[in-house]
S.K.: 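I am attaching a structure below and will ask some questions about it afterwards.
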Amino acid sequence: MDLDIDTVRIARTREDCVLRPGEVFLGGGTFLYSEPVPAGVTGLVDLTGLGWEPWSVDGAGLRVSGTCTLAELVAGPGALGGAPGAAGPYRALGIVGECVSALSLSAKVARTATVGGNLALGLPAGSMVGLFGALHGQAVIWMPDGGSREVAGADLVTGAGVVALEPGEVLREVRVPAFALARRTVFRRASLTPNGRTAAMVTGRAGERGPRIVVTASVTAPHGLYARDHDMLDRWLDRIGSTVGWFEDTHGSARWRAAMTRRLAHEALDELGGAA
Ligand SMILES: Cc1cc2nc3c(=O)[nH]c(=O)nc-3n(C[C@H](O)[C@H](O)[C@H](O)COP(=O)(O)OP(=O)(O)OC[C@H]3O[C@@H](n4cnc5c(N)ncnc54)[C@H](O)[C@@H]3O)c2cc1C
């Protein structure tokens with residue numbers, strides 16, 4: 001961004017989050033400051049001034065605030081989860097580090113970029129939606145009239161750069177219920193080059209109704225399935241291909257992404273103990 005704007009307000013209270021004409025929210029600014037000023041934008045409202053605790057965990061589960069940076073997410077909940085596949089009460093969080101690594105961010109950018117900004121952008125390669133989709137996360141959204149509403153983490157992104165946030169709504173936090181934290185989880189990703197943009201990502205959780213498989217990056221919005229077996233998984237992937245189709249850009253063709261997603265999804269189901 002060339003910073004050709006008129007105002008920057010630091011939000012300190014919820015009332016400060018009511019946008020004035022021309023204003024948009026600012027998280028870490030790693031996207032906003034890297035792009036031309038969007039048409040009509042004349043001011044920024046900095047959410048980091050609200051002083052939200054980045055994350056907390058108690059008997060009800062995990063809460064991750066919208067302003068939690070990706071580095072804080074890894075150092076906090078990611079560390080609680082331990083190494084991928086390790087046992088323990090927070091074992092589901094073992095995929096946090098991998099999900100953050102799936103973003104093509106330097107350590108410096110990860111110290112500033114926020115979970116809320118990543119979700120609110122809704123890019124196909126935005127891995128936070130795949131993380132919270134697998135963890136059964138619920139997004140808590142502050143509405144401009146003072147009310148709040150909740151959206152399932154996996155339903156937050158509805159298209160490439162399209163999210164279920166109305167103008168003026170703030171992504172306050174994502175809540176992961178306690179029951180999901182102790183489940184086994186799985187992570188797989190593919191990109192054209194080792195450090196390239198994620199082109200297909202599959203996350204999953206050993207679920208109460210069978211393994212939960214969530215597909216992102218190769219589609220414009222997340223898709224999730226409780227997969228009883230590999231046949232069911234194949235039929236579901238066929239349906240995604242024939243109805244919504246596979247995403248295509250310079251980071252991978254639709255055909256390649258479809259093939260990679262299928263391979264990764266079957267691997268994920270195997271790891272979660274799906275029937276043959
Ligand atoms: C080198 C580089 C590589 C990148 N790679 C990737 C990548 O691989 N995948 C990817 O998805 N992104 C990528 N990005 C884009 C971006 O950095 C990340 O998505 C980051 O997580 C955005 O977070 P932020 O806090 O910086 O968002 P900001 O830039 O502050 O804001 C982004 C958008 O979200 C809105 N917003 C921010 N917080 C909230 C909130 N709490 N509630 C409501 N709206 C909010 C803002 O109004 C804005 O529209 C990359 C950026 C850079 C510079």
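In each ligand, atom 1 is the first atom listed, and ligand 1 is the first ligand listed.
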S.K.: Decide yes or no on salt bridge (charged side-chain N to carboxylate O under 4.0 Å, His left out) for Arg262 and Asp234, but give the supporting numbers first.
M.R.: CA-CA 8 Å; Arg262 193 173 296 268; Asp234 269 328; 2.7 Å; yes
S.K.: After noting the C-alpha distance and the side-chain angles of Val215 and Trp236, does the key distance pass the side chain to side chain contact (heavy atoms under 4.5 Å, CB included) rule?
M.R.: CA-CA 11 Å; Val215 166; Trp236 176 67; 3.7 Å; yes
S.K.: Which residue holds the protein heavy atom closest to atom 11 (O) of ligand 1, what is that atom called, and what is the gap in Å?
M.R.: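 Among all protein heavy atoms, the one nearest atom 11 (O) of ligand 1 is Gly126 CA, 3.1 Å.
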S.K.: Quick check: does Val170 get an N/O under 3.5 Å from an N/O on ligand 1?
M.R.: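 Between Val170 and ligand 1, no N or O pair is found under 3.5 Å apart.
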S.K.: Side chain or backbone of Leu47 under 4.0 Å from ligand 1, or both, or neither, by non-hydrogen atoms?
M.R.: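 Side chain only.
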S.K.: How far apart are the C-alpha atoms of Val96 and Leu131, what are their side-chain angles, what is the distance that settles it, and do they pass the side chain to side chain contact (heavy atoms under 4.5 Å, CB included) test?
M.R.: CA-CA 7 Å; Val96 165; Leu131 170 66; 4.1 Å; yes
S.K.: Please report whether ligand 1 has a polar contact with Leu32, defined as an N or O pair separated by less than 3.5 Å (distance criterion only).
M.R.: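 It does: an N or O of Leu32 is found under 3.5 Å from an N or O of ligand 1.
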S.K.: Which protein non-hydrogen atom lies closest to atom 5 (N) of ligand 1, naming both residue and atom, and how far is it?
M.R.: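 Looking at atom 5 (N) of ligand 1, the protein heavy atom closest to it is Ser104 OG, 3.3 Å.
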S.K.: Provide, to 0.1 Å, the distance between atom 45 (C) of ligand 1 and the closest protein heavy atom, together with that atom's residue and name.
M.R.: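 The protein heavy atom lying closest is Ala120 CB, 3.6 Å.
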S.K.: Is the count of non-hydrogen atoms from other residues, nucleotides or ligands lying under 6.0 Å from Arg149 atom CZ greater than 12?
M.R.: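 More than 12 within 6.0 Å, yes.
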S.K.: Regarding Arg189 and Thr198, do their side chains bring together a donor and an acceptor under 3.5 Å, going by distance alone?
M.R.: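 Result is yes, a qualifying pair exists.
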S.K.: Looking at every heavy atom in both Leu192 and Gly252, which two are closest together, and how far apart are they?
M.R.: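 Nearest pair, atom of Leu192 first, then Gly252: CD1-N, 3.9 Å.
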S.K.: Is the number of heavy atoms from other residues, nucleotides or ligands within 6.0 Å of CG (Asn195) greater than 12?
M.R.: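 Not more than 12 within 6.0 Å, no.
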S.K.: Backbone or side chain, does any N or O of Thr30 fall under 3.5 Å from an N or O of ligand 1?
M.R.: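 N/O-N/O distance below 3.5 Å exists for this pair.
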S.K.: Are any of the N/O atoms in Gly66 less than 3.5 Å from those in ligand 1?
M.R.: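 No, since none of the N or O atoms of Gly66 sits under 3.5 Å from an N or O of ligand 1.
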S.K.: Any idea which protein heavy atom is nearest atom 46 (C) of ligand 1, and the distance to it?
M.R.: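 I find the closest protein heavy atom is Phe25 O, 3.1 Å.
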S.K.: Looking at ligand 1, does any of its N/O atoms fall within less than 3.5 Å of an N/O of Thr114?
M.R.: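 Yes: some nitrogen or oxygen of Thr114 is under 3.5 Å from one in ligand 1.
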S.K.: Is ligand 1 under 4.0 Å from a heavy atom in the side chain of Arg197, in the backbone, in both, or in neither?
M.R.: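 The part of Arg197 near ligand 1 is the side chain, not the backbone.
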S.K.: Is there any N or O on Ala113 that sits under 3.5 Å from an N or O of ligand 1?
M.R.: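 For ligand 1, there is no N or O atom that lies under 3.5 Å from one belonging to Ala113.
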S.K.: Can you tell me which residue and heavy atom of the protein come closest to atom 19 (O) of ligand 1, and the distance to 0.1 Å?
M.R.: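 Checking every protein heavy atom, the shortest distance to atom 19 (O) of ligand 1 gives Asn118 ND2, 3.0 Å.
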S.K.: Among all protein heavy atoms, pick out the one at the shortest distance from atom 15 (C) of ligand 1; state its residue, atom name and that distance to 0.1 Å.
M.R.: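 That would be Leu121 CD1, 4.0 Å.
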S.K.: When you check the side-chain N and O atoms of Thr67 and Thr48, is any donor under 3.5 Å from an acceptor?
M.R.: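 Short answer, no.
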S.K.: Using salt bridge (charged side-chain N to carboxylate O under 4.0 Å, His left out), reason through Arg257 and Asp249 one step at a time and then give a plain yes or no.
M.R.: CA-CA 10 Å; Arg257 282 176 137 123; Asp249 64 5; 2.9 Å; yes
S.K.: Working to the nearest 0.5 Å, report the span between CG of Leu19 and CD of Glu169.
M.R.: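 With rounding to 0.5 Å, CG (Leu19) is 10.5 Å from CD (Glu169).
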S.K.: Is any N or O atom of Glu169, backbone or side chain, closer than 3.5 Å to an N or O atom of ligand 1?
M.R.: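 No; the residue has no nitrogen or oxygen that sits under 3.5 Å from a nitrogen or oxygen of the ligand.
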S.K.: Does any N or O of ligand 1 fall below 3.5 Å from an N or O anywhere on Leu70, backbone included?
M.R.: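 No, Leu70 has no N/O under 3.5 Å of an N/O on ligand 1.
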S.K.: For atom 41 (N) of ligand 1, what's the nearest protein heavy-atom neighbour? Residue, atom name and distance, please.
M.R.: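 Its nearest protein heavy-atom neighbour is Leu171 O, 3.2 Å.
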S.K.: Of the protein's non-hydrogen atoms, which lies at the shortest distance from atom 50 (C) of ligand 1, and what is that distance?
M.R.: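 Nearest neighbour among protein heavy atoms for atom 50 (C) of ligand 1, to 0.1 Å: Leu105 CD2, 3.4 Å.
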S.K.: Has ligand 1 got any nitrogen or oxygen that is less than 3.5 angstrom from a nitrogen or oxygen of Ala125?
M.R.: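 Looking only at distances, the answer is yes, because the N/O contact criterion of under 3.5 Å is met.
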S.K.: For the residue pair Thr185 / Arg205, report whether a side-chain donor-acceptor contact shorter than 3.5 Å exists.
M.R.: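 No donor-acceptor contact under 3.5 Å links the two side chains.
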